[in-house]
Amino acid sequence: MIIKDIEDGLAALDHQHLRRHRRVIDTPVGPRMTADGKPLLAFCSNDYLGLAHHPEIVEALCAGARRWGAGSGASHLVSGHLRPHDALEERIAEFVGLPRALTFSTGYMANLAVAPALVGRGDAVFADRLNHASLIDAALASGAEHKRYAHNDIAALEKLLRESAAKRKLILTDAVFSMDGDLADLPRLFELAEQYDTWLVVDDAHGFGVLGEHGSGCLSHFGLPVSPRIVYVGTFGKAAGVAGAFVAGDTRVIEWLMQKARTYIFTTAAAPALSCALLKSLELIADGDDRRKKLAALIARLRDGVGALAADRGWHLADSPTPIQPVIVGDNKAALALSAALEQQGFWVPAIRPPTVPMGSARLRLTLSASNESADIDALLAALHASA
Ligand SMILES: *Cc1c(COP(=O)(O)O)cnc(C)c1O
């Protein structure tokens with residue numbers, strides 16, 4: 001029976017302790033969540049600005065549903081592109097300082113749109129080895145050669161570019177790496193993109209809302225110029241606290257995506273009320289310097305405390321300036337044990353193991369939010385101390 005393969009596959013996952021489980025959460029997203037009935041202080045969401053349960057966004061969502069209904073009824077190119085969708089596109093392009101934007105239902109779909117629309121067979125994608133899974137899938141879906149360089153190794157990238165005979169080239173990178181919290185060297189990548197006449201596609205899922213002027217993201221953070229070769233992807237499910245994503249860039253590039261991107265064309269447009277909620281979220285992001293300041297203070301407090309402890313325990317606190325603060329333990333079992341010890345004390349900090357991260361670099365992936373208080377950080381530090 002064909003089902004036997006599945007049974008064997010599941011058994012193998014169990015055997016390797018790789019079967020994944022979900023927890024059911026009975027509270028809104030926030031620092032305090034009840035997971036499988038257990039109240040925990042959570043350091044695991046990507047709700048970096050604490051907007052996921054913001055009352056003004058919730059109200060905008062409700063008002064949007066009352067005004068525009070629940071569903072969009074069709075894809076954007078048929079009859080599903082409603083006024084709020086259009087307003088969101090305009091607003092997001094303006095906010096990130098690029099000529100035009102296109103919205104998508106998820107960041108995964110936005111990423112799958114871009115590389116395959118820009119390159120194909122006979123071309124090459126140059127990708128950081130730690131890129132997000134959606135960028136890997138996008139590179140593969142494009143049919144272009146997928147050349148991967150060691151994490152942030154600009155010299156290795158340059159060598160690949162120099163030696164490549166591909167017709168068209170595309171550099172593909174996370175702006176903030178999701179398991180490490182560090183940044184891509186976008187200025188250097190842009191220089192290489194200019195020098196070798198390549199596209200530069202930047203996925204800023206974790207930087208948008210957090211970094212740059214008024215939270216406008218990594219291009220602003222690094223002061224990159226507007227260039228037709230830069231294609232910028234941001235997502236709305238993390239700092240923006242809602243759902244969805246956008247691609248922003250040159251007017252012609254966005255027009256081309258609208259014509260070619262299968263994950264744009266062949267899917268029902270997101271609920272218009274989500275655009276209403278996002279317009280409110282963008283307002284709060286733009287006005288959110290206080291939230292970002294508070295977040296930066298929390299990050300500094302955590303780094304101070306964990307830094308001192310890490311040396312003692314043989315952990316490595318990754319060099320991250322973002323709300324993603326990985327504590328690299330190394331051994332899979334040790335990382336799981338530490339996560340379990342924290343949970344016993346009422347803290348939810350996920351352990352991340354290979355293959356999500358490289359062998360021997362199992363870690364706690366701590367994330368912070370502006371909705372945390374410094375007492376939360378202190379409590380976590382005390383729990384880390386107690387979990388020998
Ligand atoms: C979360 C994430 C995505 C996917 O975005 P969704 O909107 O959740 O589909 C893409 N890229 C990176 C780097 C991410 O962290």
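Atoms within each ligand, like the ligands themselves, are counted from 1 in listed order.
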Less than 4.5 Å apart, side chain to side chain, heavy atoms only: is that true for Glu59 and Glu56?
no
Under the side chain to side chain donor-acceptor pair (under 3.5 Å) rule, what do His151 and Asp180 come out as? Steps first, then yes or no, please.
CA-CA 11 Å; His151 179 49; Asp180 292 69; 5.4 Å; no
Assert yes or no for the condition that the ring centre distance of Phe208 to Phe246 is strictly below 6.0 Å.
yes
Using a 4.0 Å heavy-atom cut-off, say whether Ser134 meets ligand 1 through its side chain, its backbone, both or neither.
side chain
List ligand 1 atoms under 4.0 Å from Asn111, heavy atoms only on the residue side.
10 (C), 11 (N)
Within a strict 4.5 Å, meaning less than it, do heavy atoms of the Ser164 and Lys147 side chains meet?
no
Which atoms of ligand 1 are found less than 4.0 Å from any heavy atom of Ala205?
2 (C), 11 (N), 12 (C), 13 (C), 14 (C), 15 (O)
Close N or O approach (Gly107, ligand 1; < 3.5 Å)
yes
Closest protein heavy atom (residue, atom, distance) for atom 14 (C) of ligand 1:
Lys238 NZ, 2.7 Å
Qualifying residues under ring pair (Phe, Tyr, Trp, His ring centres under 6.0 Å), relative to His76, sequence neighbours excluded
His81, His85, Tyr264
Roughly how far, to the nearest 0.5 Å, is CG of Leu135 from CG of Leu140?
11.0 Å
Can you name the atoms of ligand 1, numbered from 1 with element, that are less than 4.0 Å from a heavy atom of Thr235?
5 (O)
His206-ligand 1 polar pair, N/O distance under 3.5 Å
yes
Is there at least one pair of N or O atoms, one from Tyr108 and one from ligand 1, spaced under 3.5 Å apart?
yes
Have a look at Asp203, Thr106, Val176 and point out the one with the heavy atom closest to atom 13 (C) of ligand 1.
Asp203
Extract all donor-acceptor atom pairs below 3.5 Å that involve side chains of residues 101-127 and protein atoms in other chains or at least two apart in sequence.
from   : atom 1 : to     : atom 2 : distance (Å)
Thr106 : OG1    : Tyr108 : N      : 3.3
Thr106 : OG1    : Met109 : N      : 3.0
Tyr108 : OH     : Asp137 : OD2    : 2.5
Asn111 : ND2    : Ser134 : OG     : 2.9
Asn111 : ND2    : Asp203 : OD2    : 2.9
Asp123 : OD1    : Arg168 : N      : 3.1
Asp123 : OD2    : Gly120 : N      : 2.8
Asp123 : OD2    : Arg168 : NE     : 3.0
Asp123 : OD2    : Arg168 : NH2    : 2.8

